[in-house]
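Just below is one structure, and these are the notes that go with it.
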Amino acid sequence: AAAAPAPAGAAPEASGSALKVKFAITCSSTNPGECVYIVGSSAGIGAWDPAKALPCTTTATTFPVWTSKEVELPSEPRKLEFKVVVGPEGKVEGKRWEGGENRVAHLPSGSAKKAATVSCSWGVGEVYVI
């Protein structure tokens with residue numbers, strides 16, 4: 001029997017095509033009980049759904065830098081759009097979206113680099129990919 005065709009718009013999964021990405025966000029605009037989230041164009045960061053946003057954490061030592069766990073994102077497309085969102089820990093309601101245009105991170109391509117850290121600051125437009 002022939003294999004079923006891939007759904008329209010589905011990209012074939014190529015081995016080794018994933019990139020491990022971590023976010024490091026500088027944000028001092030949180031209140032006690034609030035968390036920083038990343039939401040954006042890739043399914044790994046919620047596909048623009050704030051209910052599926054990637055949470056970031058901080059400690060008394062690292063504040064105001066919030067970091068996410070490492071997520072696997074496809075290496076293509078290289079252009080990753082995202083926003084920083086602040087809101088109550090563990091709740092969908094009450095999130096505040098950062099103003100301005102979507103942030104854009106240009107992820108490294110090719111197989112040479114398997115991990116990257118995307119870094120930015122709340123309210124500042126620059127995005128750095130390390």
Side-chain angles (χ1 to χ4, degrees):
E13 286 297 318
S15 63
S17 66
L19 179 69
K20 292 183 187 305
V21 177
K22 185 165 70 170
F23 290 85
I25 311 300
T26 301
C27 178
S28 58
S29 300
T30 54
N31 295 311
E34 287 186 324
C35 182
V36 170
Y37 298 87
I38 304 298
V39 66
S41 57
S42 179
I45 55 172
W48 294 117
D49 180 352
K52 297 176 183 169
L54 177 66
C56 299
T57 57
T58 193
T59 66
T61 309
T62 61
F63 184 83
V65 177
W66 296 75
T67 53
S68 74
K69 65 180 174 104
E70 213 171 52
V71 290
E72 248 184 42
L73 301 178
S75 57
E76 295 297 330
R78 288 185 54 233
K79 180 181 173 185
L80 178 70
E81 291 190 46
F82 68 97
K83 286 280 215 180
V84 179
V85 181
V86 171
E89 282 187 68
K91 292 185 180 175
V92 176
E93 308 81 32
K95 289 191 171 122
R96 302 187 306 277
W97 290 71
E98 182 179 31
E101 298 293 316
N102 291 345
R103 292 179 176 275
V104 175
H106 294 282
L107 301 176
S109 62
S111 58
K113 190 155 179 155
K114 296 288 187 198
T117 299
V118 176
S119 171
C120 65
S121 297
W122 175 271
V124 180
E126 288 83 14
V127 174
Y128 303 96
V129 180
I130 305 162

Inset, instruction - Scan for salt bridge (charged side-chain N to carboxylate O under 4.0 Å, His left out) pairs involving residues 119-130, sequence neighbours excluded, and state none if there are none. - result: none
Legend entry - Thr58: partners by side-chain hydrogen bond (donor to acceptor under 3.5 Å, both in side chains), with sequence neighbours left out: Thr62
Legend entry - Any donor-acceptor N/O pair, Trp66 side chain to Cys27 backbone, under 3.5 Å: yes
Legend entry - Residue pairs passing the side-chain hydrogen bond (donor to acceptor under 3.5 Å, both in side chains) test where at least one lies in residues 32-57, sequence neighbours excluded: Asn31-Glu34, Glu34-Arg96
Inset, instruction - Side-chain contact test, heavy atoms from C-beta onward, threshold under 4.5 Å: evaluate it for Lys79 versus Val104 and give yes or no. - result: yes
Legend entry - Phe23: ring pair (Phe, Tyr, Trp, His ring centres under 6.0 Å) partners, not counting sequence neighbours: Phe82
Legend entry - Val71 side chain reached by Ile38 side chain, heavy atoms, under 4.5 Å: no
Legend entry - Other ILVMFWY residues reachable from Val124 by side-chain steps of under 4.5 Å: none
Legend entry - Residue pairs fulfilling salt bridge (charged side-chain N to carboxylate O under 4.0 Å, His left out) with at least one residue in residues 17-29, sequence neighbours excluded: Lys20-Glu72
Inset, instruction - State which residues pass side-chain contact (heavy atoms from CB on, under 4.5 Å) with Pro50; sequence neighbours excluded, sorted by chain then number. - result: Lys95, Trp97
Legend entry - Minimum-distance pair of heavy atoms, taken over all atoms of Ala105 and Val118: CB-CG1, 4.0 Å
Inset, instruction - Using the side-chain hydrogen bond (donor to acceptor under 3.5 Å, both in side chains) rule, collect all pairs that involve residues 81-91, keeping only residues at least two apart or in two chains. - result: Glu81-Asn102
Legend entry - Which atom of Val129 lies closest to which atom of Pro108, heavy atoms considered: CG1-CD, 4.0 Å
